[in-house]
There are 2 protein chains.
Amino acid sequence: MKKVSLKDIAKKAGVSTATVSYVLGNKKCRVSEATKQRIREIAKELNYQPNQIAKSLKSGKTYTIGLIVADISNPFFANLARVIEDEAAKYDYTVIFGSSDESAQKSWKLIQFLQNRQVDGFIIVPTENSEYQIEYLQQQKVPFVLLDRYFPKLSTTNVVINNFEVASTMVNDLMKASQKKIGMIAYKNSLIHMEERIRGFQEASKATEKFIERVNFNAIETEVELALDKLIKNGVDALFFATNSLAVAGLRVLQKNNIKIPQEIALASFDESEAFEFFYSPVSYIQQPIKEMGECAVQLLLNKINTGGTEEKTEKLTAKCVFRKSTQK
Amino acid sequence: MKKVSLKDIAKKAGVSTATVSYVLGNKKCRVSEATKQRIREIAKELNYQPNQIAKSLKSGKTYTIGLIVADISNPFFANLARVIEDEAAKYDYTVIFGSSDESAQKSWKLIQFLQNRQVDGFIIVPTENSEYQIEYLQQQKVPFVLLDRYFPKLSTTNVVINNFEVASTMVNDLMKASQKKIGMIAYKNSLIHMEERIRGFQEASKATEKFIERVNFNAIETEVELALDKLIKNGVDALFFATNSLAVAGLRVLQKNNIKIPQEIALASFDESEAFEFFYSPVSYIQQPIKEMGECAVQLLLNKINTGGTEEKTEKLTAKCVFRKSTQK
DNA sequence: CTGAAAGCGCTTACAG
DNA sequence: CTGAAAGCGCTTACAG
């Protein structure tokens with residue numbers, strides 16, 4: 001069954017494709033009501049579906065957004081992707097997305113791929129060492145918004161949260177359950193969001209003896225285990241995890257070693273996880289405003305796309321702390 | 001910065017766009033090596049990126065798959081989507097997906113939307129009352145594969161699992177911890193996968209007194225609480241959940257009511273969840289072969305797309321039981 | 001009031 | 001060995 005096109009309708013109605021296009025597009029043009037009626041009926045009868053590809057080629061617009069997240073297997077990014085899709089759908093935009101898995105190389109491939117598909121703009125959670133990709137997009141005058149992280153040296157439009165402030169608030173609470181030694185497990189990653197979380201930890205834990213372990217994204221299970229062993233040997237009685245994935249790996253180790261939470265070690269983490277709720281001592285966590293983040297990113301991007309505006313600004317949203325048993329002595 | 005097209009390269013090289021197309025497409029044609037060289041250099045210099053939209057319009061192929069899942073917020077479908085994306089990417093296909101949220105109306109909108117975007121084929125987790133949509137696709141001769149569920153009355157290509165067998169295996173194990181009364185919580189949903197799971201439960205729990213509660217997808221938290229209350233009043237000492245989402249809602253209630261697992265009530269569930277691992281009494285579950293399911297669906301679909309084959313077959317994959325504390329007395 | 005024509009960026013059968 | 005031309009399915013400025 002061949003797809004029906006404007007031509008088929010035009011032939012059947014005995015008019016030109018131009019007329020059909022005008023009528024179905026509801027463009028104002030002086031076509032007799034009778035003709036309009038007839039065209040609409042035939043379109044319905046043939047179940048005409050306009051070809052978006054042809055429309056896009058003509059208009060240069062695809063109503064498509066390219067989204068690149070850092071790790072789609074992490075519920076934080078999966079939820080973010082979902083919010084972004086829903087928000088974009090409100091404006092009849094489709095989201096095509098990919099996961100860079102924190103690899104700049106993969107991110108570059110995705111950018112090229114999505115650009116070939118003529119996306120109208122990008123929302124990007126940038127990876128380490130991907131500055132040149134961002135500069136490329138700037139130079140190509142492609143509209144984009146950075147999310148979750150950004151490069152302080154580049155002037156871009158960003159949607160981020162108050163990593164420093166919220167991390168120090170949470171660590172302050174955590175320290176109420178700590179005697180003197182506090183540890184943090186973070187990623188080996190120089191990006192701003194991670195640095196800010198660490199800075200917040202250091203700020204809050206000032207007077208205390210503190211230890212920071214940094215693990216590789218690609219070997220999280222083994223390296224978190226090693227890091228925890230080290231911290232426990234150092235006698236920490238409180239732990240702050242920089243992300244949910246680090247915390248879940250950590251819980252696994254703590255559970256295996258039968259460590260009492262919060263009596264022996266008190267805990268808190270960035271991000272959420274179903275595991276936090278069902279762990280025998282529910283884990284305190286920092287809740288990022290995922291819905292607002294996604295919505296804000298879409299709004300800013302569509303604004304750029306539609307107005308061609310070049311003004312760059314950074315939206316700093318507010319994450320909040322959810323205190324539970326794991327930080328109470 | 002205007003995107004560079006074949007025309008730009010052609011002009012700069014002093015040849016026709018046809019020649020450029022031939023050279024860059026590596027089509028065999030007799031063009032002097034010198035010209036080829038020159039064209040390639042210019043393309044590189046201008047950072048030429050072919051316009052996929054134009055290619056698609058010409059070829060009628062978009063190298064795009066439309067995926068419709070039932071509930072993207074469920075990790076089962078999120079993982080499935082991920083596997084499908086990865087597998088499709090191996091063959092240079094992009095996946096565009098949407099979530100029907102178990103609504104036939106939403107599913108229909110998605111199908112139309114994706115068809116306008118000229119996807120080459122569909123992978124669909126069908127909802128209740130969406131037979132007509134499937135029949136429509138058949139009649140339009142659009143290649144598609146059904147996943148997770150199917151309509152016994154329609155002859156389609158399906159990828160499913162052994163719901164009946166694996167459910168009865170799990171319930172058999174569960175009953176070792178039960179004295180006489182066993183309950184099941186399922187969705188109010190007439191689709192085959194749900195019916196098969198229930199049938200498996202009934203088959204295995206033959207001699208036992210049994211209770212089945214069915215809840216609405218749209219009011220899961222409240223209805224699971226009511227269902228559980230009812231089952232507990234009926235004195236069940238074992239529970240089988242038909243999906244992970246039902247189980248997680250159930251765990252929340254059981255935890256709140258301080259019910260000892262497995263001493264007072266033994267548990268098992270379909271699907272996985274991080275919650276199962278960290279619940280104080282780790283939950284036994286049925287593990288679906290997500291990777292195989294996704295890969296199989298992509299393979300079958302691409303096969304249909306590329307060969308235009310019309311043979312329909314059903315692949316029945318094997319889920320397996322993972323036994324943990326929650327089913328041991 | 002309506003339609004022929006050009007054009008979006010490609011590909012490819014065909015002509016020279 | 002190379003290029004003009006047609007065409008994929010639309011839209012729209014323009015002519016009649």
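Keep in mind that what you see is a predicted model, and the values were worked out from it rather than measured. A note on names: the letters A, B, ... follow the listed sequences, proteins ahead of strands, and every chain is numbered from 1.
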Handout entry: Option from B:V119, B:I305, B:L301, B:T62 for which side chain to side chain contact (heavy atoms under 4.5 Å, CB included) with B:Y93 holds
Key = B:I305
Exercise for the section: Provide, to the nearest angstrom, the distance between the CD1 atom belonging to A:I9 and the P atom belonging to D:dG9. Expected result: 13 Å
Exercise for the section: Verify, without hydrogens or angle tests, whether B:N51 (side chain) and B:I53 (backbone) share a donor-acceptor contact under 3.5 angstrom. Expected result: yes
Handout entry: Consecutive-pair stems (at least three Watson-Crick or G-U pairs, under 3.5 Å) that include DNA chain C
Key = C:1-3 with D:14-16, C:5-12 with D:5-12, C:14-16 with D:1-3
Exercise for the section: Select one nucleotide: of C:dG9, D:dC10, D:dA4, the one nearest the side-chain heavy atoms of B:L57. Expected result: C:dG9
Practice task
Tell me yes or no: between the side chains of A:T64 and B:R117, is some donor less than 3.5 Å from an acceptor?
Solution key: yes
Practice task
Send over the distance from B:K55 NZ to C:dC8 C1', rounded to a whole Å.
Solution key: 16 Å
Exercise for the section: Let me know the distance between NZ of B:K61 and C1' of D:dG9, rounded to the nearest Å. Expected result: 19 Å
Problem - B:Q49 versus A:Q115, side-chain donor and acceptor atoms under 3.5 Å - result: no
Exercise for the section: Would you kindly give the NZ-to-C1' distance between A:K58 and C:dA5, to the nearest whole Å? Expected result: 11 Å
Exercise for the section: Please check the phosphate of C:dC10 (OP1 and OP2 only) for any side-chain N or O of B:Y48 closer than 4.0 Å. Expected result: yes
Exercise for the section: Indicate whether OP1 or OP2 belonging to C:dT2 is found under 4.0 Å from a side-chain N or O atom of A:S32. Expected result: yes
Practice task
Have a look at A:L302 and tell me which of A:V145, A:I65, A:D120 forms a side chain to side chain contact (heavy atoms under 4.5 Å, CB included) with it.
Solution key: A:I65
Exercise for the section: Quickly work out the A:Y22 OH to D:dA13 P distance and round it to whole Å. Expected result: 7 Å
Exercise for the section: Measure the distance from CG on B:L6 to P on C:dT11 and round it to the nearest whole Å. Expected result: 6 Å
Problem - Atom pair distance, as rounded to whole Å: CD1 in A:I53 and P in C:dG7 - result: 23 Å
Practice task
Quick one: label B:T35 by what it contacts on the DNA or RNA (base, sugar-phosphate, nothing), any heavy atom closer than 4.0 Å.
Solution key: sugar-phosphate
Exercise for the section: Could you tell me whether the phosphate oxygens of D:dA4, OP1 or OP2, come under 4.0 Å of any side-chain nitrogen or oxygen in B:S16? Expected result: no
Practice task
Nearest-nucleotide wise, let me know which of A:T19 and B:T19 is further upstream toward the 5' end of DNA chain D.
Solution key: B:T19
Problem - B:E128 side-chain N/O to B:L191 backbone N/O, donor-acceptor pair under 3.5 Å - result: no
Completion exercise
When A:T17 and B:T17 are each assigned the nearest nucleotide of DNA chain D, the 5'-most assignment goes to B:T17
Problem - Euclidean distance for P, D:dA4 against C:dG7 (whole angstrom) - result: 16 Å
Practice task
Can you tell me the distance, in whole Å, between the OH atom of A:Y63 and the P atom of D:dT11?
Solution key: 11 Å
Problem - Check: B:L6 and B:Y48 side chains under 4.5 Å, non-hydrogen atoms - result: yes
Practice task
Looking at every strand, decide which applies to B:S21 at a 4.0 Å heavy-atom threshold: base, sugar-phosphate, or nothing.
Solution key: base
